[in-house]
Amino acid sequence: MNHSPLNQISEHVYWLGPDATTDRPVLGAVVGSHATLIVDAGNSPAHAKLLLDGLAEVSPAHHQRYLVLTHWHWDHVFGTTAFEMPIFAYKETQQVMTEMAGLDWSDAALDRRVEEGTEIEFCRDMLKAEWPDRSNLRLKLPDVSFTTGLAFDLGGVTCRVTHVGGDHASDACVVVIPEDKIVFLSDCLYEDLHHGPLSYTPAKLFPLIETVVGYDADYYLWGHDPEPMSKAALLDFTGALKSIGEHVERVGDRRDDILEALPGIIGQPLDEDHIELVDAFLAGLRKL
Ligand SMILES: [Zn+2]
């Protein structure tokens, strides 16, 4: 019986589901005939080990292995010391990680940074829960940095890593596996969490939506969503997101007027998610 926590979504692509209790994101692996590319390092060496143990069953030991990081957020990079392989990251990801490697990650230092406003409570609390004793915390920095994108040929399957940016993180990258029609979106389409209330800006979000819906893909894996999203579901979601963003842009900072007209625009009654999205676009508007 197979007890591996890894899920297989296509011939070459595997993924480990997220765990919201300590904000563990989705991790991925693309297994070719001679090499394996791992997508994101996880939020601790313990999280990384789950992926590496699962991988032992599907990626032969002689394979060249590579790790690519999708953006600098702690939950995607704090597992790096568990990976004995070359690490690839976008230039800004490498720069921010270099700064992070010099920080004190003790409880007292984290609390101080939350107080100063240079760290957010959510990340502090999740990091403390995931990794209570961080006296051994080290960050392994990327070996190779890139500025626009990278292509890997793993043997019978390729991976394209592309910098896309967005509200969530300006260094966000996606990993596209054209042969299998799979895209690792990681966190690129989520809101900005680090600058006040959750926010979206049309200027960053709309071009990003065009880019990701333009990929010839069947499934998209989000960084913290428990299930892959079909192309049809992504088109539905991003279509609604765009309609809401355009409506907020048109009406301006008048929440009640926005909410009153919105059901007519999206063709359905409002639910909590729609209201959250309105508030995220309003927060983006107020930051401009
Ligand atoms: Zn993130």
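Worth saying up front: this structure is predicted, and the values here are computed from it rather than measured. All ligand and atom numbering here is 1-based and tracks the order in the structure.
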(request) Kindly confirm whether the Zn ion (ligand 1) is within less than 2.8 Å of some N/O/S atom in H71? (result) yes
(request) Compute whether any side-chain donor of one residue and acceptor of the other, for Y220 and D225, lie under 3.5 angstrom apart. (result) no
(request) Test the R124-W74 pair against the cation-pi criterion, namely NZ or CZ under 6.0 angstrom from the six-membered ring centroid and within 45° of the ring axis. (result) no
(message) Ignoring hydrogens and geometry beyond distance, is a side-chain donor-acceptor pair present between K287 and S199 at under 3.5 Å?
(response) yes
(message) Just to confirm my numbers, could you give the angle made at the Zn ion (ligand 1) by OD2 of D187 and NE2 of H168, rounded to 10°?
(response) 90°
(message) Closer than 4.0 angstrom, basic N to acidic O: yes or no for E260 and R254?
(response) no
(message) So, 2.8 Å as the limit: is an N/O/S atom of D75 located closer than that to the Zn ion (ligand 1)?
(response) no
(request) Provide the atom name of the closest N, O or S atom of H73 relative to the Zn ion (ligand 1). (result) ND1
